[in-house]
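Okay, structure first, notes after.
When reading the values below, keep in mind they use all heavy atoms of this one structure, side chains included, and skip hydrogens, waters and symmetry mates. What you see is a predicted model; the values in this text were computed from it and never measured.
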Amino acid sequence: VQLQASGGGLVQPGGSLRLSCAASGFTLDDYAIGWFRQAPGKEREGVSCISSDGSTYSVPSVKDRFTISRDNAKNTVYLQMNSLKPEDTAVYYCAAGVHSIATMIAALRTADFDSWGQGTLVTVSS
């Protein structure tokens, strides 16, 4: 079971990036997927999550700018990030867990996901 996050890079404030979370060894559509980030010197925080049936949630600080989606045919979950700000700079991770819609949001807050991928660095700077 492996998750691989990719798509990070350097972008100017106001720019966009799309992160991908690809799975191997299991089928992503059976799982809830969460995106997390950890900025230098800060604790990891949950950003967005998507349930196995496509219900989504994003934290208030990003909900008008970030969109999480899944392509089950490609076994991949995406995080489209628009209007990026310097405070979005962080290593972004994706994780998979068996959660209902009811427990998924709580799991995002507590990072209660079972399988984690390596992170991808997003730097927002001019």
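- Counting only heavy atoms from C-beta outward, the side chains of R65 and M81 never approach each other to under 4.5 Å.
- Expressed to the nearest 0.5 Å, how far SG of C21 lies from OH of Y92 amounts to 14.5 Å.
- The nearest pair of heavy atoms linking G7 to L17 is O-CD2, 3.8 Å.
- With rounding to the nearest 0.5 angstrom, the CG atom of L108 is 11.5 Å from the OG1 atom of T103.
- By the criterion of side-chain heavy atoms lying less than 4.5 angstrom apart, applied directly or through intervening Ile, Leu, Val, Met, Phe, Trp or Tyr residues, V59 is not grouped with M104; the two fall into different hydrophobic clusters.
- Between the side chain of D71 and the backbone N or O of T76 there is no donor-acceptor pair closer than 3.5 Å.
- For Q118, the CD atom counts as loosely surrounded, since its 6.0 Å shell holds 12 or fewer non-hydrogen atoms of other residues, nucleotides or ligands.
- For W116 and F36, the gap between ring centers is short of 6.0 Å.
- In this structure, Q80 CD and S16 OG are separated by 5.5 Å, a value rounded to the nearest 0.5 Å.
- Formation of a donor-acceptor pair under 3.5 Å by the H99 side chain with backbone atoms of D112 is found in this model.
- Residues S51 and D53 bring a donor and an acceptor atom of their side chains to less than 3.5 Å of each other.
- Residues S52 and D30 are not in side-chain contact: their nearest non-hydrogen atoms beyond the backbone lie 4.5 Å or more apart.
- Clustering ILVMFWY residues whenever any of their side-chain heavy atoms sit less than 4.5 angstrom apart, transitively, puts V11 in the very cluster that holds V91.
- Contact annotation: the side chain of L3 approaches that of L28 to within less than 4.5 Å [non-hydrogen atoms, C-beta and beyond].
- Open room surrounds CD on Q2; 12 or fewer heavy atoms of other groups in view lie less than 6.0 Å from it.
- Looking at S48 and V62, their side chains come closer than 4.5 Å, going by heavy atoms from C-beta outward.
- One hydrophobic cluster, built from ILVMFWY side chains closer than 4.5 Å, cannot hold both I101 and V77; they sit in different ones.
- For the residue pair V47 and F66, the shortest heavy atom distance occurs at CG1-CD2, 3.6 Å.
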Chi angles and distances behind the side-chain contact (heavy atoms from CB on, under 4.5 Å) call for V98, Y31: CA-CA 5 Å; V98 178; Y31 295 84; 3.6 Å; yes

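- Atom OG1 of residue T89 and atom CG of residue L10 lie 8.5 Å apart, to the nearest 0.5 angstrom.
- Looking at R37 and V122, their side chains never come closer than 4.5 Å, going by heavy atoms from C-beta outward.
- No continuous path of ILVMFWY side-chain contacts below 4.5 Å connects Y78 to F26, so the two sit in separate hydrophobic clusters.
- The CG atom of L79 sits 12.5 Å away from the CD1 atom of I33 when rounded to the nearest 0.5 Å.
- Here the straight-line distance linking atom SG of C49 with atom CH2 of W35 works out to 13.0 Å at 0.5 Å rounding.
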